[in-house]
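Inspection log for the structure reproduced underneath, given as structure tokens.
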Amino acid sequence: MPELPEVETVANGVHARVAGQRIARVWTSGKPQTFKTPESEIAQALTGSTIECVRRVGKTIVMTVHRKKTPVEFLIHLGMTGRLLVSQADVPMQLHTHAILTLADGREVRFVDPRRFGRLSIHKPPAVTGGQQPAASYTGPGREPLTISADDFIALFRNRKTPIKAALLNQSLLHGVGNIYADESLFRAGIRPRRQAGRLTAEELLRLRKALVAVLRHAIKLGGSSVSDYVDADGVRGFFQLQHKVYMRGGEPCLVCETPIKRITLAGRGTHFCPNCQQ
DNA sequence: ACTATGTCCTGCGAGC
DNA sequence: TGCTCGCAGGACATAG
């Protein structure tokens, strides 16, 4: 499932291929739950506009386009099985394609999502009160794991009774962390997923932050984790799944101490940890 | 204000 | 071999 490293990989890949291109046409599938903003509004906002940049905020891909200097942000959330692909027009359209942006040079940006947990929407900048024109800027629901300071990171979890893993998955605290990187960072920090977030010591939280940043950076370098059907903008798989220490390794020996990895359900999610290495 | 749980959706793999 | 069934999970709604 696409989390921060996968979304970052896709956003960078799409940016490199389409920045500066004009969007000539927009097609949408009519599957209502995919569109948080009505399809007609999305099509109207994008048709004839020029793509300025494509970047990642949390788990969301933000495509900034402009027309007559008015910026609009197109938000693409990949959900669990969403793909954003840049294709030549003659590549056959695959099943579960929900949106196609046809570029002026004939190539297409395609959003494909079998399970339909993905969402497309338009983010409008807040209303302007003064004379100046603020740039549209989607900031996401929480803080960025890669740039948050140590003090702010510790403060996020203060007084929280929820398990640390559930807190890591809460996008209004940190955004971008999902099930894989929550499990992997807790393993690398030696912390049990069920520990109450508010009861972790500052030292443990610093270890967790360090582990989380390291695992996210490493995964970005390897193009993300390809579990389920994740691929980048060119349809190429990532390699970080080969570095998973606990995720989906229930019953297999811990790579550090050989204790069998335990699998439990926490916050409705499969949760994997080493009962010896994680206390 | 927090926290916990159910729901959506399809593909895949286990098991009979 | 071919079928059914349960599971995978991010975000959001709803309940406690």
Side-chain angles (χ1 to χ4, degrees), chain A residues 1-11 29-37 56-62 75-84 93-99 111-123 138-145 155-186 193-200 216 219 224-231 237-238 240-241 244 246-252 261-273:
Chain A
M1 55 260 35
E3 304 179 26
L4 187 153
E6 293 77 32
V7 178
E8 174 107 3
T9 302
V10 173
S29 65
K31 289 276 187 243
Q33 61 272 62
T34 299
F35 304 93
K36 262 167 90 176
T37 301
R56 176 197 63 78
V57 175
K59 292 180 198 168
T60 301
I61 297 168
V62 182
L75 306 187
I76 301 129
H77 195 294
L78 300 176
M80 199 175 153
T81 55
R83 298 179 173 195
L84 196 66
M93 185 173 106
Q94 50 182 304
L95 197 63
H96 307 300
T97 299
H98 298 298
F111 176 67
V112 182
D113 182 19
R115 216 160 292 184
R116 283 193 269 153
F117 278 21
R119 295 289 180 267
L120 303 179
S121 62
I122 297 291
H123 177 257
Y138 175 75
T139 55
R143 305 288 303 274
E144 275 295 329
L156 279 184
F157 301 103
R158 200 164 287 152
N159 296 327
R160 297 207 175 259
K161 296 198 169 119
T162 198
I164 182 63
K165 165 141 181 199
L168 283 174
L169 294 176
N170 181 345
Q171 302 295 296
S172 62
L173 300 176
L174 289 172
H175 58 203
V177 181
N179 208 33
I180 298 173
Y181 299 101
D183 279 5
E184 292 296 318
S185 60
L186 286 168
R194 277 216 227 262
R195 293 274 305 281
Q196 240 182 66
R199 292 206 172 162
L200 293 179
L216 292 172
S225 299
S226 283
V227 299
S228 182
D229 53 359
Y230 164 75
V231 291
R237 290 166 60 82
F240 193 72
Q241 67 278 8
H244 294 171
V246 288
Y247 181 72
M248 288 299 237
R249 294 195 62 247
E252 294 173 41
I261 298 299
K262 218 171 163 184
R263 184 196 181 281
I264 60 173
T265 298
L266 197 162
R269 301 287 168 263
T271 297
H272 317 78
F273 67 98

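Each chain gets a letter, A, B and so on, in the order the sequences are listed, and its residues count up from 1. If you're wondering where the values come from, they're calculated on a predicted model, not measured in any experiment.
Under the side-chain contact (heavy atoms from CB on, under 4.5 Å) criterion, A/Arg194 pairs with A/Ile264, A/Leu266, not counting sequence neighbours. Partners of A/Glu8 according to the side chain to side chain donor-acceptor pair (under 3.5 Å) rule, which considers only residues two or more places apart in sequence or in another chain, are A/Arg56. For A/Phe240, the ring pair (Phe, Tyr, Trp, His ring centres under 6.0 Å) criterion is met by A/Tyr181, A/His218, A/His244, not counting sequence neighbours. Scanning for side chain to side chain donor-acceptor pair (under 3.5 Å) contacts around A/Lys165 gives A/Asn179, A/Asp183, A/Thr271, with sequence neighbours left out. Applying the side chain to side chain donor-acceptor pair (under 3.5 Å) criterion to A/Ser121, with sequence neighbours excluded, gives no partner residue. The side-chain contact (heavy atoms from CB on, under 4.5 Å) search around A/Thr60 returns A/Val62, A/Leu75, A/His77, A/Tyr138, not counting sequence neighbours. The side chain to side chain donor-acceptor pair (under 3.5 Å) search around A/Gln33 returns A/Arg116, not counting sequence neighbours.
As a whole-Å value, the separation of A/Leu266 CG from C/dA8 C1' is 16 Å. Distance A/Asp113 CG to B/dC8 C1': 12 Å, rounded to the nearest Å. For A/Asn170 and B/dA4, the CG to P distance is 11 Å, given to the nearest whole Å. As a whole-Å value, the separation of A/Arg199 CZ from B/dT3 C1' is 15 Å. Between the C1' atom of B/dT3 and the CZ atom of A/Arg194 lies a distance of 15 Å, rounded to the nearest Å.
Taking only side-chain atoms of A/Glu3, from C-beta outward, the nucleotide of B/dT3, C/dG10, B/dC8 with the closest atom is C/dG10. For A/Tyr247, the listed nucleotide lying nearest its side chain is C/dG9; candidates were B/dC2, B/dT10, C/dG9.
OP1 or OP2 of B/dT3 has at least one side-chain nitrogen or oxygen of A/Arg160 nearer than 4.0 Å. Between A/His96 and the phosphate of B/dG11, there is a side-chain N or O to OP1/OP2 separation shorter than 4.0 Å. Put simply, A/Thr81 has no side-chain N or O that comes within less than 4.0 Å of OP1 or OP2 on B/dC9.
Taking the side chain as every heavy atom from C-beta outward, A/Ser185 and A/Leu168 approach each other to under 4.5 Å.
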*Indicate for each nucleotide in nucleotides 11-16 of chain C, in 5' to 3' sequence, whether protein heavy atoms under 4.0 Å reach the base (B), only the sugar-phosphate (S), or nothing (-).*
BS----
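Computed from C1' positions of five pairs at each end, the angle between the two local axes of the helix from B/dC2-C/dG16 to B/dC16-C/dG2 equals 40°, rounded to 10 degrees.
In this structure, A/His98 and A/Phe111 have tilted ring planes: the angle between them lies in the 30° to 60° band.
A/Gly270 comes within 4.0 angstrom of the backbone, heavy atoms only, and of no base.
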